[in-house]
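Pasting in a structure now, in structure tokens, and then I'll have a few things to ask.
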Amino acid sequence: MKKTYLTRLLTICLVAAGLFVKAQIVTIPVETQHNALVLQTDAQKNLKMVYFGAKLNDAQEYAQIAKMYNPNDDSGVLDDAYTPSGSANLAEPAITVTHADGSKSLDLHYISHNVSKIDDNVSLLTVILKDPAYPFEVKLCYKTFFKEDVTEQWSVIIHNEKGVVTLNKFASANLNLKADGFWLKQYHGNWALEMRPEESKLTHGIKTIDSKLGTRANLYQPSMFTVSMDKPATEDEGKVLLGAMEWSGNFREDFELSPEPSNYLRLIAGINNAAAEYHLKPGQEFVTPALVYTYSSRGTGDASRNMHRWARKYKLVDGEGQRLTLLNNWEATYFDFNETKLAQLLKDTKKLGTDLFLLDDGWFGNSHPRNADNAGLGDWQENKLKLPNGIGWLVKEAQANGVKFGIWIEPEMVNPASDLYKTHPDWIIKESGRPEKYFRNQLVLDLTNPKVQDFVFGVVDNLFTKNPDLAYIKWDCNAVIYNAHSQYLKKDQSHLYTDYVRGLYKVLDRVRAKYPKVPLMLCSGGGGRVDYGALKYFTEYWPSDNTDPLERIFIQWEYSYFFPAIASSNHVTDWGRQPIKFRVDVAMMGKIGFDIVVSKLSEKELAFCRQALTNYDGVKDVIWHGDQYRLQNPWTNDAASLMYVNDARSKAVVFNYLVNNRYGAGTKVPIRFKGLDAQKKYSVKEINLYPGSKPVVDNNLVYTGDFLMNVGINPQISAYHTSVVMQLDAMN
Ligand code: GLA
């Protein structure tokens with residue numbers, strides 16, 4: 001395969017070079033295993049994106065695509081690969097600038113391109129575009145992950161004008177899609193209401209998905225989207241593009257359906273330029289964050305499995321490694337704990353059988369003790385009343401119980417009731433002439449300021465330096481930015497939203513340089529910051545504070561289009577009215593944790609949880625590292641079904657949950673499995689049985705993969721069996 005890939009790459013280069021000599025037309029195919037994105041210059045050296053879809057068998061034919069379209073586009077640049085503004089283009093631009101001389105006219109022409117192979121699987125195409133009238137350059141970067149069919153696309157902007165250039169808009173990517181209609185699936189939500197999907201057919205004009213919140217940017221709308229082409233894609237059929245911004249701040253994604261007869265979908269994605277123009281000095285590079293996307297002509301299931309594989313291999317910290325199960329005390333105690341209570345919880349951690357105890361919010365602050373969410377943020381010293389012997393004692397006590405210890409922090413924030421607020425008012429984002437406006441009683445620290453970056457890094461570093469055996473950190477971020485004013489940035493206030501995120505990444509870079517593998521959970525009042533820009537530094541994320549398992553089935557289902565199960569922290573809590581078995585079964589499809597009062601569990605409940613954790617040990621490798629198949633959709637059925645299959649197709653686990661309480665609701669027909677080997681025989685065993693209950697699925701039978709995929713098994717989901725988990729093992 002390596003050889004074919006290289007030969008093909010060579011052909012593409014030759015085709016490109018040959019065409020350049022003949023007609024001054026350059027064709028640049030960006031290929032992955034199944035797909036191609038094709039760029040091509042026109043006679044005026046505009047760079048167009050002329051194709052996006054299934055890879056053609058003969059790479060030479062890419063050059064013939066453009067002339068098949070008659071867009072009746074007088075501007076000639078409607079399908080530009082990075083549309084400038086102020087010259088021929090009159091559609092939504094990817095880039096708008098104000099040159100040093102005040103002109104707002106930008107034109108970008110193809111100069112050259114280069115493909116560098118990073119390794120056998122990863123290549124980087126860079127295309128240089130320049131304005132013929134100004135010393136202004138944009139480099140388009142396409143990093144392709146061949147096997148995974150994933151592309152990360154970003155741009156680098158630089159100029160050599162005689163003064164500062166203002167970037168008024170500076171997108172990461174500008175895609176042009178051609179199809180007979182486009183369907184956009186987007187998400188909205190709020191606290192505890194994450195990932196509510198909406199799908200609609202795009203009409204002419206622009207549909208924008210964006211965030212202007214600064215921090216906790218995904219609170220109302222995340223950047224994840226799917227675009228189906230020709231017709232709405234299903235799990236196993238249809239052409240679909242799945243994408244998201246790798247950025248933890250304000251983003252903007254415009255989906256513009258261009259006029260008849262072209263009907264191109266112009267997708268322009270990047271940092272949100274609202275109140276964020278950027279002043280760029282001569283010679284200074286502006287590197288945008290990446291838009292990550294994957295395309296499949298085989299439905300959303302295939303596309304999301306590609307995204308998962310990419311994320312595990314290339315993005316998440318230790319994405320192909322192990323994770324720790326844990327007991328968290330947030331809902332068990334909230335702020336009300338002391339050493340005696342915690343000592344008991346450490347014992348409970350062991351009793352339950354989890355690997356780690358996670359101490360949540362409330363452990364810090366002395367002059368302003370953190371006994372509620374209105375005080376203490378910023379003062380990261382142990383509260384002497386609650387923890388007279390400090391974290392060190394807790395870490396040791398955990399070890400004495402044979403478990404690890406982790407801790408919650410929210411280092412980017414400050415409560416007005418704190419010492420930090422008094423000692424460093426200059427570190428706080430606020431407009432001094434206005435009354436302070438709080439979100440959850442707190443303000444955001446100004447991470448554009450290197451001193452604040454040092455402080456935030458110091459919060460993490462001090463914890464690890466003082467407690468080298470500390471094994472886990474939950475990093476929270478609960479507020480949005482109001483009164484967006486930085487005392488550090490002075491005249492460059494519009495840099496705040498961009499430089500805040502860059503400051504955050506600088507801190508996280510330092511954390512990872514010093515602590516490369518320690519597990520970090522990404523939390524933002526629930527899922528306010530789940531994006532691949534941040535996940536590059538984290539091992540897992542907190543999808544939502546809503547842990548009602550019924551709700552979680554839907555929330556986790558939707559996240560699963562974009563993020564792999566290994567990254568999803570799912571905790572068993574007391575939210576909702578479901579029995580413990582249902583709660584545990586739902587938490588298992590990801591990285592399981594608990595946030596319950598163990599001592600309140602009945603003997604049977606405790607026995608069930610312990611057994612479930614042992615079962616989890618037997619299947620977690622499949623859930624964390626295997627392929628996920630969404631078998632039956634909870635939005636349109638009485639029951640949800642999902643399964644995970646390992647690479648060797650020798651082991652699988654299938655989860656089934658009742659999501660409808662109406663009379664007679666349940667599974668009436670078998671659920672057809674996916675991803676198995678038709679030739680193999682599998683034993684099917686129901687696991688996570690509640691003590692005293694009998695399996696609903698006959699545990700002594702063996703079926704072929706062929707049978708399981710074509711006929712399936714009815715998990716007998718009903719009001720009497722609200723969740724059923726099955727483990728499949730290939731015989732030999
Ligand atoms: C946020 C998190 C919760 C918990 C609290 C603590 O809301 O999402 O999980 O850590 O903060 O204050």
Side-chain angles (χ1 to χ4, degrees), residues 189-195 213 215-220 222 248 326-337 342 345 356-365 368-380 383 386-387 405-415 417-418 438-444 459-460 463 472-480 519-531 534-535 538-549 551-552 555-556 559 567-576 583 587 590-597:
N190 208 324
W191 178 78
L193 291 167
E194 284 87 345
M195 296 301 280
L213 306 181
T215 40
R216 202 174 171 176
N218 290 0
L219 180 60
Y220 306 129
S248 311
L326 59 85
L327 177 67
N328 187 196
N329 71 314
W330 175 237
E331 289 179 25
T333 67
Y334 292 104
F335 298 96
D336 179 22
F337 55 80
L342 294 180
L345 293 180
L356 176 133
F357 175 73
L358 169 62
L359 176 60
D360 215 284
D361 196 356
W363 58 268
F364 50 90
H368 303 275
R370 181 79 171 163
N371 292 328
D373 65 12
N374 59 2
L377 281 178
D379 300 350
W380 297 102
N383 178 280
K386 290 184 191 173
L387 305 176
F405 186 82
I407 204 158
W408 178 98
I409 53 172
E410 194 181 1
E412 300 158 71
M413 302 287 161
V414 61
N415 284 124
S418 69
Y438 309 123
F439 195 106
R440 208 195 189 206
N441 309 305
Q442 63 199 52
L443 294 162
V444 183
V459 174
V460 180
L463 280 167
Y472 187 94
I473 280 186
K474 173 177 176 183
W475 181 307
D476 213 336
C477 164
N478 278 295
V480 301
L520 296 185
M521 186 213 276
L522 171 63
C523 176
S524 182
R529 195 184 250 171
V530 186
D531 69 79
L535 277 170
F538 290 82
T539 46
E540 54 225 64
Y541 68 89
W542 184 235
S544 175
D545 278 357
N546 187 340
T547 47
D548 176 336
E551 296 293 331
R552 271 299 185 107
I555 294 173
Q556 292 168 201
Y559 274 116
S568 180
S569 295
N570 306 334
H571 291 183
V572 175
T573 73
D574 285 332
W575 277 56
R583 288 183 267 158
K591 207 217 79 165
I592 198 171
F594 289 79
D595 193 349
I596 47 171
V597 184

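Only this structure's heavy atoms are used, side chains among them; waters, hydrogens and symmetry mates stay out. Read the numbers this way: they start at 1 and go in the same order the structure lists the ligands and their atoms. Counting from 1, the numbers follow the sequence of the chain as shown.
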Residues R529 and E412 bridged, charged N to O under 4.0 Å
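E412 and R529: salt-bridged.
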
In terms of atom number and element, which parts of ligand 1 are under 4.0 angstrom from non-hydrogen atoms of N478?
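Listed by number with element, the hits are 1 (C), 7 (O), 11 (O).
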
Which of these passes side-chain contact (heavy atoms from CB on, under 4.5 Å) with K474: N328, I409, L520?
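Single side-chain contact (heavy atoms from CB on, under 4.5 Å) partner of K474 among N328, I409, L520: N328.
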
Flag for W408-D476: side-chain donor and acceptor within less than 3.5 Å:
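Looking only at side-chain atoms, W408 and D476 do form a donor-acceptor pair, the distance falling under 3.5 Å.
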
With a 3.5 Å cut-off and no angle check, do the side chains of D531 and S248 form a donor-acceptor pair?
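S248 and D531 do have a side-chain donor-acceptor pair below 3.5 Å.
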
Pull out every atom of ligand 1 sitting under 4.0 Å from any heavy atom of C523, numbered as shown with elements.
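With C523 as reference, the close atoms of ligand 1 come out as 2 (C), 8 (O).
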
Taking the basic N atoms (NZ, or NE/NH1/NH2) and the acidic carboxylate oxygens, is any pair closer than 4.0 Å for D548 and R583?
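Salt bridge flag = no for R583 with D548.
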
Does a donor on one side chain sit under 3.5 Å from an acceptor on the other, for E410 and W475?
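Not at all, the side chains of E410 and W475 share no donor-acceptor pair under 3.5 Å.
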
With a cut-off of 4.0 Å, which atoms of ligand 1 are near a heavy atom of W542?
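Going through ligand 1 atom by atom, the ones under 4.0 Å from W542 are 8 (O), 9 (O).
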
Please list, in number order, the atoms of ligand 1 under 4.0 Å from a heavy atom of G526.
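This gives 8 (O) as the contact atoms.
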
Side chain, backbone, both or neither: E410 near ligand 1, heavy atoms under 4.0 Å:
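Contact part for E410 vs ligand 1: neither.
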
Are a donor atom and an acceptor atom from the side chains of W191 and D545 found within less than 3.5 Å of each other?
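The criterion, which ignores hydrogens and geometry beyond distance, is satisfied for D545 and W191.
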
Suppose we measure from atom 7 (O) of ligand 1 to each protein heavy atom; which comes out shortest, and what is that distance?
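Of every protein heavy atom, D545 OD2, 2.9 Å lies nearest to atom 7 (O) of ligand 1.
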
Under a 4.0 angstrom heavy-atom cut-off, which atoms of ligand 1 come close to W330?
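Numbered from 1, ligand 1 contributes 3 (C), 4 (C), 5 (C), 6 (C), 12 (O).
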
Specify side chain, backbone, both or neither for E331, according to which of its non-hydrogen atoms lie closer than 4.0 Å to ligand 1.
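For E331, no heavy atom sits under 4.0 Å from ligand 1.
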
Is ligand 1 under 4.0 Å from a heavy atom in the side chain of D476, in the backbone, in both, or in neither?
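Under 4.0 Å from ligand 1, D476 contributes side-chain atoms alone.
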
N374: side chain to side chain donor-acceptor pair (under 3.5 Å) partners, not counting sequence neighbours:
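In terms of side chain to side chain donor-acceptor pair (under 3.5 Å), with neighbours along the sequence ignored, N374 is linked to no residue.
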
Return the residue, atom name and 0.1 Å-rounded distance of the protein heavy atom closest to atom 9 (O) of ligand 1.
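Nearest protein contact, heavy atoms only, for atom 9 (O) of ligand 1 is K474 NZ, 2.8 Å.
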
Among side-chain atoms of W363 and D360, is any donor-acceptor pair under 3.5 angstrom?
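There is no such pair between these side chains.
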
Closer than 4.0 Å to some heavy atom of D360 - which atoms of ligand 1 meet that?
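That gives atoms 4 (C), 6 (C), 10 (O) of ligand 1.
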
Interfacing atoms of ligand 1 (cut-off 4.0 Å, heavy-atom, G525)
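Here the atoms of ligand 1 in question are 1 (C), 7 (O), 8 (O).
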
Output the list of atoms in ligand 1 that are nearer than 4.0 Å to some heavy atom of D361, sorted by atom number.
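Those qualifying, in numeric order: 6 (C), 12 (O).
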
